[in-house]
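All remarks here apply to the structure that follows.
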Number of protein chains: 2
Amino acid sequence: MTLVMATDTPAERPQPKRSRKERREDSIEQILDAAEYLFSKHGIYGVTLKDVAQRVGVHTSLMHYYFADKQALFVEVFERRATVTRARRIEALDAYERACDGRPTVEGALHAFLDTDLDLYISGGEGWRNWGALGGQLSNTDYGAELMDKHFDPVVMRLIDLLKRAMPDMAEEDIFWGYHFVTGSLLLTLARTGRIDKLSNGLCHSDDFEAVKARMARFMAAGFREFAATSGAKGVEG
Amino acid sequence: MTLVMATDTPAERPQPKRSRKERREDSIEQILDAAEYLFSKHGIYGVTLKDVAQRVGVHTSLMHYYFADKQALFVEVFERRATVTRARRIEALDAYERACDGRPTVEGALHAFLDTDLDLYISGGEGWRNWGALGGQLSNTDYGAELMDKHFDPVVMRLIDLLKRAMPDMAEEDIFWGYHFVTGSLLLTLARTGRIDKLSNGLCHSDDFEAVKARMARFMAAGFREFAATSGAKGVEG
DNA sequence: ATTATCTATAGATCTATAGATAATGC
DNA sequence: ATTATCTATAGATCTATAGATAATGC
């Protein structure tokens with residue numbers, strides 16, 4: 001997939017004969033991958049363009065040849081995958097809406113919202129997992145929150161809409177706070193800090209997205225049901 | 001509390017006549033407060049010592065007079081309040097254990113764990129809220145995760161222990177994952193990103209810790225109960 | 001006499017640009 | 001002839017230290 005990888009298997013490619021366009025795209029992809037990895041580890045200010053260049057194995061000035069400045073590189077790293085997962089999730093929520101026959105459930109909506117994303121980290125390769133970790137950092141940060149808002153507000157509103165229809169009697173505040181809890185849990189999951197590994201003495205692993213997928217929608221749906229059972233409702237009876 | 005605040009009310013203090021020791025402590029406190037605020041906004045690498053000094057209104061070199069280097073300042077900012085909340089939470093969990101008469105409940109344990117912390121942000125003033133936001137960032141970061149582990153592992157293990165006793169039949173993995181969800185939600189709460197404000201069109205506020213306190217333990221306890229109801233148990237029947 | 005704060009500055013590093021060289025494509 | 005990559009370097013900024021000055025305490 002990358003030049004580095006290709007070099008690891010020289011037998012297969014005697015003379016790749018890649019066109020300029022291909023080389024260009026490869027270079028850009030390598031830079032984005034390296035930046036993605038480093039940004040996810042140290043944040044935007046914790047990484048220098050030299051760090052990125054060294055990881056790729058090229059000169060720092062090449063960063064400026066392909067990207068206007070550091071900020072532009074960062075935004076591109078974020079947006080490269082943000083657009084993908086946003087589209088997938090909207091599609092999944094649309095599909096769920098069509099399938100649920102006008103009667104969405106909380107758990108169904110959460111599965112569409114969460115599982116579609118988790119699948120990317122499960123089978124999307126290391127790049128996706130790095131990007132996820134970056135997102136986990138971003139959300140808790142001032143400069144990152146804007147980027148998140150910009151890209152994911154439509155998806156979230158789509159989910160909120162389904163949740164409201166699944167729980168028409170619930171106070172809106174409760175729906176928003178429930179969503180807040182869901183996001184927080186998801187973002188910490190994406191961050192893969194290794195904390196749960198240590199706490200559980202190796203029983204659980206913070207990169208075990210399958211384990212999260214198997215539990216999260218159910219856990220959170222139960223939380224919402226608890227709100228429905230005990231909290232002040234809208235005053236309208238379904 | 002700080003020199004700046006004191007200067008705001010000149011009538012009360014004609015000639016403070018503060019001793020060297022008092023001045024020294026005031027200066028250190030001001031530096032820590034300024035650093036805390038800035039680190040919480042931009043992370044450790046997003047803040048320069050000059051930024052901190054300018055916020056206090058002194059020269060950059062004074063940072064080095066009081067702190068060995070930038071890293072030491074950062075650690076001090078974190079530890080100043082970490083030790084306080086850790087002690088309070090352990091105390092609260094101990095008190096709950098004594099009060100529950102050997103029969104802890106999930107919700108009771110979560111209330112002791114969460115509310116004690118949330119109370120600090122509700123009534124501890126802006127410094128505490130800034131520190132909380134810093135913690136929210138740290139946890140999703142590599143360099144911060146270590147600091148968190150070091151200070152909060154004892155508290156968390158204390159909570160886990162109570163949860164296990166409240167749900168003796170539950171698979172350990174489920175307890176750890178449930179705790180993971182709880183922490184994620186708490187950390188995003190502390191980050192106060194303003195996201196929920198925008199999403200809810202002003203209905204909810206990300207600095208409304210009271211709202212979280214009123215909902216979180218209940219929401220999460222219901223999640224744990226869901227695990228108890230449907231997930232693979234330990235194989236032992238209570 | 002001691003402590004707190006500031007001035008001046010060294011040395012390192014970082015972003016960004018200009019211009020040279022190497023590689024590809026017509 | 002055009003594009004990709006590198007060399008060299010300017011200019012800014014950042015951390016850290018040495019040493020001067022101002023303020024307090026005995």
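Keep in mind that what you see is a predicted model, and the values were worked out from it rather than measured. Side-chain atoms are counted along with the backbone in the values below, which use heavy atoms only and exclude waters and symmetry mates. So that the names make sense, note that chain A is the first sequence line, chain B the second, and so on, each numbered from 1.
B:K50 has its NZ atom 21 Å from the P atom of C:dA12, to the nearest Å. For the pair B:D69 CG and D:dA16 P, the computed distance is 5 Å after rounding to whole Å. At whole-Å resolution of the value, OH in B:Y66 and C1' in D:dA16 are 18 Å apart. Distance CD (A:Q54) to C1' (D:dC6): 15 Å, rounded to an integer number of Å. B:E25 has its CD atom 14 Å from the C1' atom of C:dA4, to the nearest Å. Per the geometry, CG belonging to A:L62 stands 15 Å off C1' belonging to C:dT15, to the nearest Å. Rounded to whole Å, the distance from CD on A:Q30 to C1' on D:dA4 is 13 Å. When rounded to the nearest whole Å, the span between CG of A:D26 and P of D:dT3 equals 18 Å.
No donor-acceptor contact under 3.5 angstrom links the side chains of B:Y65 and B:S61, judged on distance only.
In this structure, B:T60 and B:R24 both approach DNA chain C, and ranking their closest nucleotides by distance from the 5' end singles out B:R24. If you find the closest nucleotide of DNA chain D to B:K21 and to B:V47, the one lying nearer the 5' end belongs to B:V47.
Between A:Y65 and D:dA4, a side-chain N or O to OP1/OP2 separation shorter than 4.0 Å is present. At the phosphate of C:dT17, neither OP1 nor OP2 sits under 4.0 Å from any side-chain N or O atom of A:H64.
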Could you walk me through whether A:E173 and B:R215 satisfy the salt bridge (charged side-chain N to carboxylate O under 4.0 Å, His left out) test, starting with their C-alpha distance in whole Å, then the side-chain angles of each, then the deciding distance to 0.1 Å, before giving a yes or no? CA-CA 10 Å; A:E173 291 96 311; B:R215 289 170 173 85; 5.4 Å; no
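Pairing for C:dT5 goes to D:dA20, judged as Watson-Crick or G-U wobble with the two contacts each under 3.5 Å.
Distances from the side chain of B:H59 to the nucleotides C:dC6, C:dT17, D:dA16 place C:dC6 closest. Which of C:dT5, D:dT15, D:dT5 sits closest to the side chain of B:S27 comes down to C:dT5.
Residue-level contact check: B:L49 touches the backbone only, with heavy atoms under 4.0 Å from sugar-phosphate atoms and none from bases. Counting non-hydrogen atoms under 4.0 angstrom, B:T48 reaches the backbone sugars and phosphates but no base. A:Y45 comes within 4.0 angstrom of no nucleic acid atom, judged by non-hydrogen atoms across all strands. Note on B:F67: nothing from the nucleic acid sits closer than 4.0 angstrom, heavy atoms only.
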Interface polar pairs with nucleotides 22-24 of chain C, N/O, under 3.5 angstrom:
unit_1 : atom_1 : unit_2 : atom_2 : d
C:dT24 : O2     : A:R20  : NH2    : 2.3

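Here the shortest heavy-atom pairing between A:R80 and A:V84 reads O-CG2, 3.7 Å.
Side-chain contact between A:D208 and B:W177 is present, with at least one heavy-atom pair separated by less than 4.5 Å.
In A:E126, the CD atom is not crowded: 12 or fewer heavy atoms of neighbouring residues, nucleotides or ligands sit closer than 6.0 Å.
With respect to the salt-bridge test (charged N to carboxylate O, under 4.0 angstrom), the residues A:R192 and A:D197 do not qualify.
No option in A:D117, A:D115, A:D119 other than A:D119 meets the side chain to side chain donor-acceptor pair (under 3.5 Å) test with A:K213.
Every side chain to side chain donor-acceptor pair (under 3.5 Å) that A:K198 has, sequence neighbours left out, goes to B:D149.
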